[in-house]
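Values reported hereafter were calculated over all heavy atoms of this structure, with side chains retained and with hydrogens, waters and symmetry mates removed. Each chain gets a letter, A, B and so on, in the order its sequence line appears, and its residues count up from 1.
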Amino acid sequence: MNKNFTNKDIAELLRSVAAAYTVKDENKYKFQIIAYQRAADSVDHASSEIKDLWDEKKLGEIAGIGSSIASHLDELFKNGKVKHFTQVFSGLPAAMFSLLKIPGVGPKTAYKLTKILKIKDPSKAVSDLEKSAKLGKIRTIEGFGEESEAKILKSIQEVSGRTERILLYQAEEIADKVIDYLKNCPLVIRADPLGSLRRKCSTVGDIDISVASDKPKEVINYFTKYPHKKRILEAGEATASILLITNHQVDLMIQPSSAYGALLQHFTGSKHHNIKLREVALKKGFSLSEYGIRKIRRSEKLEVGSEKEERPKGKLIEFSSEEKFYNFLGMEFIPPELREDGGEIEAAIKQDQSKLIKLPRLVNLKDVKGDLHLHSNFPIEPSHDLGESPVEEMVKRAFELGYEYLAFTEHSPSTSRHTESQIINLLRRKKEFFEQIISSRARKLPIKIFNSLEIDIKPNGELSIPKEGLKYLDFAIVSVHTSFKMDRKSMTERILKGLDHPKVKILGHPTGRKLNEREGYELEWEKVFEFCRKNNKFLEISAWPERLDLPDFLVKEAVKNEVKMIISTDSHSVEQMNLMKYGVYVARRGWAEKKNILNTLAVNEISDILLKC
DNA sequence: GCCGTTTTCGGCCCGACTGTTTTCAGTCG
């Protein structure tokens, strides 16, 4: 039996183990529970398939997976099941684990409900529970009441209508509206989008917003009256959550201005960044929270065996800004995009100037000097997606954006509707057209125009235009638009063959992923990186919000492997040229500096590189 | 069960909110 375990399956399994330990004896297994949850989180966020890492004997590289869990996973991949896990699950109803996806239902609640209501079938557990709730059976159970029954029912109904993680730009739109609303309240001094939104993750779950105010209760009250809310999920003294009509959750946290820096730090996350930061601080004798920093007096260590394990804490030190918060801990300010516990904390610690990893000076939007992936409406008769805007308009916009150069990279002419000589003719005409544009435009707007093309890489690795056609281009981008389902080795060969011609400089949207739509294809990245570095080929970071491809974790790998990238919009109209910032976010999340991004170079420097054959 | 510029042993982030068991357990981020 060789089931194909995905990362999602594995994370769920590890979480179930943690849940089982929680039910059996939360205190006894306290640290196993934490360890399994952490391992599950790690697997969820892993940049490659755990199964592949196991194949390559690299399981140890995943943080939070040590020798014990690694050997359990080894058993899982070999036998399809794990003896130790079966033991941990023994005596517990299998159906309880199905209930854990209901918000507000944790291990103990799930256990109690399945046990008392005699829910047996894991595949029907949620709907069985829903039926019981409707019949009023839950309220009769000890520890439950009418309200908790209603809450469970609501949660079940919402879980089915729940929207998946939303794309960053959509989250920004929603957050902007809520923030505008909050700023209309005179008691609100400041309001900021935080969480994954501030870290510029490609997709966002809940929308997190912070407010500085001296009247938190009144602001919470105002917040819960937001016109587009469906219902209030919770509302306390300093935090509140609402569900919008669109089923998106918005979380709010409030602190006075004097302590706002700690709140920004806390609520920006990520969870793993905060945990690591707090562990590091603890070793220096500090305890961190959203309120500020306390010095711990270690000498007054708690007595052995005391029931209430509380550390003696000193006076709270407040911080008005995040810079001061990090500086107090002897660290440089860490840009939000880096806060993923990916080495940024170690890099931010000052003192040691000789250390190997330092915080990068991240690339900025204003460093970008041109857009090298644009589709105009020049009638190239492409196989798909002709642009909507005329070249002149796009050049004008580029000037407004402060660019020095542009590349027009329309899709190659369709091969089904044209003979080879017709394709050559179209390319010749395109070249003449751009020469004309360049000669008439050159005097008015100081923008260099490259005449390029986005060429399909066919499944056999050949390009979708005849080789001869390449001579009509300044350079070319190549991309995969068909036959995504190839195995990793063949896809790698296909792409490396496609990149081989000297005129080809850039691999467009290198993984082919579409967020919330399809996974990208797998590649042997080490080979791709090596090929690019040796042959001066560049990987695109597509700023297109549904692609954001290369993904951030591969940008980080590319930086490590000294492969340069370009950030481009893949615009099919003038308006889309404003999307560049989303590509810059991805680059920043991948630790990219200006020097890693080719299109931060001035026009003369980049011309030398792109036009060299 | 994991992990290491205080450690291969002895630690392990920190707090909010809700409903119900009126003093706290369970869940969440």
Which part of the nucleic acid does A:Glu146 contact within heavy-atom distance under 4.0 Å: base, sugar-phosphate only, or nothing? sugar-phosphate
Which comes earlier along DNA chain B counting from the 5' end, the contact point of A:Tyr36 or that of A:Ser289, where each point is its nearest nucleotide? A:Tyr36
Within the pair A:Thr109 and B:dT27, is there a side-chain N or O less than 4.0 Å away from OP1 or OP2? yes
Look at all strands and tell whether A:Ala238 reaches a base, only sugar-phosphate, or nothing, counting heavy atoms closer than 4.0 Å. sugar-phosphate
Base, sugar-phosphate alone, or nothing: which one does A:Glu290 contact when heavy atoms must sit under 4.0 Å apart? sugar-phosphate
Report which part of the nucleic acid A:Ala39 touches: base, sugar-phosphate, or nothing (heavy-atom distance under 4.0 Å, all strands). nothing
Atom C1', compared across B:dG19 and B:dT23: separation rounded to whole Å: 13 Å
Would you call A:Lys276 and A:Glu279 a salt bridge, using N to O less than 4.0 angstrom? no
Just N and O in the side chain of A:Lys108: are any of them under 4.0 Å from OP1 or OP2 of B:dG26? yes
Between C1' on B:dA16 and CZ on A:Phe267, what's the gap in Å once rounded to a whole number? 11 Å
A:Arg231/A:Glu158 under salt bridge (Lys or Arg N to Asp or Glu O under 4.0 Å): CA gap, chis, key distance, verdict: CA-CA 11 Å; A:Arg231 67 185 186 95; A:Glu158 275 160 14; 2.8 Å; yes
Atom CD of A:Glu237 and atom C1' of B:dG15: how far apart are they, to the nearest Å? 14 Å
Contact residues, residues 250-258 of chain A to DNA chain B [heavy atom, < 4.0 Å]: none
Check the geometry between A:Phe31 and B:dC12 and answer yes if their rings are stacked (centres below 5.5 Å, planes below 30°), otherwise no. yes
Taking only residues at least two apart or on different chains, which pairs with a member in residues 166-205 of chain A satisfy ring pair (Phe, Tyr, Trp, His ring centres under 6.0 Å)? A:Tyr181-A:Tyr222, A:Tyr181-A:Tyr226
Are the side chains of A:Val188 and A:Cys185 in touch, meaning some heavy atoms are under 4.5 Å apart? yes
Of the nucleotides B:dG19, B:dG1, B:dC17, which one has an atom closest to the side chain of A:Gln32? B:dG1
Under 4.0 Å, counting only non-hydrogen atoms across every strand here, what does A:Ile33 touch: a base, just sugar-phosphate, or nothing? nothing
If the P atom of B:dT8 is compared with that of B:dG4, how far apart are they to the nearest Å? 13 Å
Closest of B:dG29, B:dT18, B:dT6 to the A:Lys283 side chain is B:dT6
What's the closest nucleotide to the side chain of A:Tyr21 if the choices are B:dG1, B:dC2, B:dC14? B:dG1
Listed partners of A:Glu340 passing side chain to side chain contact (heavy atoms under 4.5 Å, CB included), at least two apart: A:Arg199, A:Cys201, A:Ser270, A:Arg589
Can you tell me how far P of B:dT5 sits from CD1 of A:Ile345, to the nearest Å? 13 Å
Chi-based syn or anti call at B:dT7, which uses purine or pyrimidine torsion atoms and a 90° bound: syn
Would you classify A:Gly143 as touching base, sugar-phosphate or nothing, given that sugar-phosphate means primed atoms plus P, OP1 and OP2, and contacts are heavy atoms under 4.0 Å? base
Can you tell me, in whole Å, how much space there is between the C1' of B:dC9 and that of B:dC14? 25 Å
Report yes if a side-chain nitrogen or oxygen of A:His84 is closer than 4.0 Å to either non-bridging phosphate oxygen (OP1 or OP2) of B:dG1; otherwise report no. yes
Can a side chain N or O of A:Ser148 be found less than 4.0 Å away from OP1 or OP2 on B:dT20? yes
Rounded distance (Å) that lies between atom P of B:dG19 and atom CZ of A:Phe144: 13 Å
Side chains of A:Asp44 and A:Asn7 in contact at under 4.5 Å (non-hydrogen atoms): no
Specify the separation, in whole Å, of atom NZ of A:Lys112 and atom P of B:dG26. 8 Å
Closest to the A:Arg38 side chain: B:dG19, B:dC2, B:dC13? B:dC13
Using the C1' atom on both, measure B:dG10 against B:dG15 and round to a whole Å. 25 Å
So, is A:Tyr291 close to the B:dA16 phosphate, meaning a side-chain N or O under 4.0 Å from OP1 or OP2? yes
Strand partner of B:dT27, provided both Watson-Crick or wobble distances fall under 3.5 Å: B:dA16
Residues in residues 55-62 of chain A with a heavy atom under 4.0 Å of DNA chain B, by number, are none
Under the side-chain hydrogen bond (donor to acceptor under 3.5 Å, both in side chains) test, residues paired with A:Asp128 that sit two or more places apart: none
Could you tell me how far B:dC24 sits from B:dC13 if I compare only their P atoms? Round to whole Å. 23 Å
A:Thr246: what forms a side-chain hydrogen bond (donor to acceptor under 3.5 Å, both in side chains) with it, not counting sequence neighbours? A:His248
Which part of the nucleic acid, if any, lies within contact of A:Tyr29, taking any heavy atom under 4.0 Å across all strands shown: a base, the sugar-phosphate backbone alone, or nothing? nothing
With a 4.0 Å cut-off on heavy atoms, is A:Glu234 in touch with a base, just the backbone sugar-phosphate, or nothing at all? sugar-phosphate
Would you say a side-chain N or O of A:Ser287 is under 4.0 Å from OP1 or OP2 of B:dC13? no
Gap in Å between the two P atoms, one belonging to B:dT20 and one to B:dT27, rounded: 14 Å
Using the P atom as the point on both nucleotides, what is the distance between B:dG1 and B:dT5, in whole Å? 23 Å
What nucleic acid atoms does A:Ile34 come within less than 4.0 Å of, heavy atoms only: base, sugar-phosphate, or nothing? nothing
Listed partners of A:Thr114 passing side-chain hydrogen bond (donor to acceptor under 3.5 Å, both in side chains), at least two apart: none
If the threshold is 4.0 Å, N to carboxylate O, is there a salt bridge linking A:Lys151 and A:Glu234? no
When we call it a touch if two heavy atoms are under 4.0 Å apart, what does A:Leu277 touch: a base, just sugar-phosphate, or nothing? nothing
Just checking A:Ala235: base, sugar-phosphate only, or nothing, at a heavy-atom cut-off of under 4.0 Å? sugar-phosphate
Salt bridge check, A:Asp41 against A:Arg15: does any charged N sit closer than 4.0 Å to a carboxylate O? yes
Pairs involving residues 251-293 of chain A, ordered by first then second residue, that meet ring pair (Phe, Tyr, Trp, His ring centres under 6.0 Å) (sequence neighbours left out): A:His45-A:His272, A:Phe286-A:Phe328
Pick the nucleotide of DNA chain B nearest each of A:Ser68 and A:Gly236; which residue has the one closer to the 5' end? A:Ser68
Side chains of A:Asn274 and A:Gln265: is there a donor and an acceptor less than 3.5 Å apart? yes
Go through B:dC2, B:dG1, B:dC12 for me and flag the one nearest to the A:Ser67 side chain. B:dC2
Taking the same atom, P, in B:dT6 and in B:dG11, what whole-Å distance lies between them? 16 Å
Applied to residues 91-140 of chain A, the ring pair (Phe, Tyr, Trp, His ring centres under 6.0 Å) test, sequence neighbours excluded, yields A:Phe89-A:Phe97
Among B:dG19, B:dC17, B:dG1, which nucleotide has an atom closest to any side-chain atom of A:Lys151? B:dG19
